[in-house]
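Below: one structure, written as structure tokens.
Heavy atoms only: backbone and side chains are in, while hydrogens, waters and symmetry mates are out. For clarity, every value in this text was computed on a predicted model and none was experimentally measured.
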Amino acid sequence: MYFTFRVFVTLLVQAAFSQASTAPQTEGYSPADTAHVVAPWWLLTSERSGGADWELQGNMFLAWQTPQDFTTPFYWLFNPTTTDWITVTSTNGTAPVVQGFGDATIIGYAYSTQVCGSVPLLGASLASKGNQYYTTSTNNHTSLLENG
């Protein structure tokens, strides 16, 4: 069964704020861990330098690097048993707790509601496959859910 989440992000082509305040969020894929992630480009690149096998699949959107009005942090969490990574949001201002996952690292800040032309970042996970998918395309998200 898929689980989903939604935050609102600004597409790279729609960015109307300072590049110094935002960081491109890059989609990465690890063949060894069968894992898709969304993380800042610098984080995936740094981990590649340390031996990780992240394949950088392109920038998806911009996220704030620091808290802003109407934003919520989103986190990268790791499960050392399954070598799985997930991206989750905070619902109460503290690091989220997901059973089996730890090392909650804030990777950016996004709007919790639609603001300034932002679009939803949609996530889906099929636990039986141990892989999560992230997209800003409603059509892609719907297709994942319908054809999972």
Side-chain angles (χ1 to χ4, degrees), residues 1-12 14-15 17 21-48 50-138 140-146 148:
M1 173 182 288
Y2 276 102
F3 72 86
T4 63
F5 75 92
R6 176 186 290 218
V7 294
F8 290 85
V9 298
T10 302
L11 292 178
L12 294 166
Q14 296 177 336
F17 40 82
S21 301
T22 62
Q25 300 295 306
T26 302
E27 183 175 13
Y29 176 70
S30 168
D33 295 327
T34 314
H36 285 90
V37 297
V38 173
W41 176 88
W42 65 264
L43 180 58
L44 294 175
T45 301
S46 174
E47 290 209 348
R48 282 178 55 95
D53 69 339
W54 294 118
E55 294 176 359
L56 306 181
Q57 298 187 321
N59 293 335
M60 293 180 67
F61 60 91
L62 291 172
W64 296 102
Q65 294 181 74
T66 57
Q68 305 292 315
D69 290 341
F70 311 111
T71 63
T72 186
F74 57 101
Y75 296 78
W76 208 24
L77 280 73
F78 179 67
N79 182 324
T81 304
T82 62
T83 63
D84 196 12
W85 298 90
I86 59 172
T87 301
V88 295
T89 59
S90 172
T91 57
N92 61 9
T94 63
V97 176
V98 178
Q99 185 176 359
F101 290 83
D103 297 331
T105 302
I106 294 175
I107 59 172
Y109 296 83
Y111 299 114
S112 55
T113 59
Q114 191 168 20
V115 176
C116 302
S118 61
V119 297
L121 172 65
L122 305 165
S125 173
L126 187 57
S128 64
K129 301 291 183 189
N131 200 355
Q132 288 73 41
Y133 302 91
Y134 304 95
T135 182
T136 55
S137 166
T138 302
N140 285 349
H141 186 256
T142 300
S143 293
L144 281 171
L145 296 177
E146 290 176 351

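Atom CD of Gln25 sits about 4.5 Å away from atom CZ of Phe61, to the nearest 0.5 Å. Within the model, atoms CH2 of Trp42 and CD1 of Ile107 stand 9.5 Å from one another, a figure rounded to the nearest 0.5 Å. For the atom pair Thr105 OG1 and Leu77 CG, the distance stands at 7.5 Å (nearest 0.5 Å). Taking NE2 from His36 and CD from Glu55, the interatomic distance works out to 9.0 Å, rounded to the nearest 0.5 Å.
In this structure a side-chain-to-backbone donor-acceptor pair under 3.5 Å is present from Asn79 to Gly100. Checking side-chain atoms of Asn59 against main-chain N and O of Pro24 turns up no donor-acceptor pair under 3.5 Å. With hydrogens and angles ignored, the 3.5 Å screen pairs a side-chain donor or acceptor of Thr142 with a backbone N or O of Thr138. The main-chain N or O of Gly28 is never found under 3.5 Å from a side-chain atom of Ser30 such that the two would form a donor-acceptor pair.
Residues passing the side-chain contact (heavy atoms from CB on, under 4.5 Å) test with Phe70, sequence neighbours excluded: Tyr111.
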**Asked** Does the side chain to side chain contact (heavy atoms under 4.5 Å, CB included) test come out yes or no for Tyr75 and Phe101, once each step is laid out?
**Response** CA-CA 11 Å; Tyr75 296 78; Phe101 290 83; over 6 Å; no
**Message:** Leu43 vs Trp76, test: side chain to side chain contact (heavy atoms under 4.5 Å, CB included). Steps then yes/no.
**Reply:** CA-CA 11 Å; Leu43 180 58; Trp76 208 24; 2.9 Å; yes
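Scanning all heavy atoms of the two residues, the minimum distance from Gln65 to Tyr109 falls at O-CE1, 3.6 Å. Residues Val37 and Leu44 share a closest heavy-atom pair of CG2-CD2, 3.9 Å. Between Asp53 and Ala32, the closest heavy-atom pair is OD2-N, 2.9 Å.
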